[in-house]
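What follows is a short report on a single structure.
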Amino acid sequence: MSKIAWVWCAILLGVTACQKQEQATERQPENNAEIISAEIVDKSQENADKSEEKDAFGIPSIYAEDNRPPLEIRTHAFKKIQQDMEGMAKVVNGEMPYDPDKFLEQVVEFFGDAHEPFHYFEAEMPPEDKRGKSRDTIWTDEDGFFDQQVKFAERSSEFLEATITNDLEKIKPAFANLSQTCKACHDGYKVAD
Ligand code: HEC
């Protein structure tokens, strides 16, 4: 199993562990960890049913049978996570009220989308699929690019952990750290806008 697959497994295991802890203390019968865990597992299963193909994240892509060129799919997938982030940013910045259940739904949606673009960067791709806003460093420094993906998955996991505390003061710094990993990767591997 690849390194990044372990990171995503750790996320799922972490959520399950949280869920057990909550049950043991019997604090919240309808706790968020239970819902998020079930939703992530459902979503992964739904994706797995659609395709046999697994990626470096250990989660298959929902676009596996999409015939569009890889560049088009990943542009679409990046725009989707951008939208997810903008929606969550409104709550984190206080422009929208913080409703823990609604916010958790947004985070689950983000989790379903976060790994998608990274299925569509392959060294064997024809040059026209490598263009877009990608820098050559993606193919000349594949390990570095992969490390950025691992950091992104780790910060995503910490953000989820913060979310299930239902404490906005814990969510804020975790969201800032997550946003920082978008920027860190873009600085090294994406053409500036
Ligand atoms: C591991 C590296 C990496 C991480 C992490 C990452 N990105 Fe990107 N992103 C890229 C690369 C590379 C491109 C250029 C893709 C292309 O066009 O070939 C890109 C492109 C984009 C685009 C432009 C799509 C377009 O062509 O119009 C958006 C929007 C975007 N990313 C948002 C995000 C957001 C939001 C996050 C964090 C939640 C994020 N990215 C995290 C590497 C990354």
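Counting starts at 1 for both ligands and their atoms, following the listed order. Just so it is clear, the values below take in all heavy atoms, side chains as well, and ignore hydrogens, waters and symmetry mates.
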Per-atom filter on ligand 1: closer than 4.0 angstrom to a heavy atom of I138 are 12 (C)
Do D129 and Y120 have a side chain donor and acceptor closer than 3.5 Å?
-> no
Atoms of ligand 1 less than 4.0 Å from Y189 heavy atoms?
-> 12 (C)
Counting N and O atoms only, with roles assigned by atom type, does the side chain of N93 sit under 3.5 Å from a partner on the main chain of E95, one being a donor and the other an acceptor?
-> no
For ligand 1, is any non-hydrogen atom under 4.0 Å from M85's backbone (N, CA, C, O), its side chain (CB onward), both, or neither?
-> side chain
The atoms of ligand 1 lying under 4.0 Å from a heavy atom of R74, numbered in the order shown, are 15 (C), 16 (C), 18 (O)
Per-atom contacts of ligand 1 with T181, taking only distances under 4.0 Å to non-hydrogen atoms = 5 (C)
Table please: side-chain donor-acceptor pairs of residues 77-91 below 3.5 Å, with sequence neighbours left out.
| from | atom 1 | to | atom 2 | distance (Å) |
| --- | --- | --- | --- | --- |
| K80 | NZ | D84 | OD1 | 2.8 |
| K80 | NZ | E109 | OE2 | 2.9 |
| K80 | NZ | D113 | OD2 | 2.9 |
| Q82 | NE2 | E86 | OE2 | 3.0 |

Search all heavy atoms of R155 against all heavy atoms of L178 and return the closest pair with its distance.
-> CB-CA, 4.0 Å
Pick one of side chain, backbone, both or neither for how V191 approaches ligand 1, counting any non-hydrogen atom pair under 4.0 Å.
-> neither
With atoms numbered from 1 as shown, which atoms in ligand 1 lie under 4.0 angstrom from a non-hydrogen atom of K79?
-> 27 (O)
Please assess F145 against R135 for the test side-chain contact (heavy atoms from CB on, under 4.5 Å), listing each intermediate value before the final yes or no.
-> CA-CA 11 Å; F145 185 55; R135 278 176 59 181; over 6 Å; no
Give the C-alpha distance, both sets of side-chain angles, the deciding distance and a yes or no for salt bridge (Lys or Arg N to Asp or Glu O under 4.0 Å) between D136 and K130.
-> CA-CA 8 Å; D136 286 348; K130 290 185 178 176; over 6 Å; no
Can you list the protein N, O or S atoms less than 2.8 Å from atom 8 (Fe) of ligand 1?
-> H186 NE2
Whether F146 lies under 4.0 Å from ligand 1, heavy atom = no
Can you tell me how far OG of S156 sits from CG of N177, rounded to the nearest 0.5 angstrom?
-> 11.0 Å
Atom pair CZ/CZ of F103 and F175 - distance to nearest 0.5 Å = 6.5 Å
Where ligand 1 meets G132 - atom numbers and elements under 4.0 angstrom, heavy-atom basis | 17 (O)
Please identify which atoms of ligand 1 are closer than 4.0 Å to at least one heavy atom of T75.
-> 25 (C), 26 (O), 27 (O)
Which value, rounded to the nearest 0.5 Å, describes the distance between L104 atom CG and L160 atom CG?
-> 7.5 Å
d(I62 CD1, E116 CD) to nearest 0.5 Å is 4.5 Å
Residue Q148 vicinity, atoms of ligand 1 by number, heavy atom under 4.0 Å | 1 (C)
Is R131 in contact with ligand 1, taking contact as a heavy-atom separation below 4.0 Å?
-> yes
Full working for side-chain contact (heavy atoms from CB on, under 4.5 Å) between F152 and C185 | CA-CA 9 Å; F152 178 54; C185 188; over 6 Å; no
Is the shortest N/O to N/O distance between S134 and ligand 1 below 3.5 Å?
-> yes
NZ/K170: more than 12 non-hydrogen atoms of other groups inside 6.0 Å | no
Considering only the protein, which heavy-atom contact is closest to atom 27 (O) of ligand 1, and what is its distance?
-> K133 NZ, 3.1 Å
Write down the atom of T137, the atom of G188, and the distance for their closest heavy-atom approach.
-> OG1-O, 2.9 Å
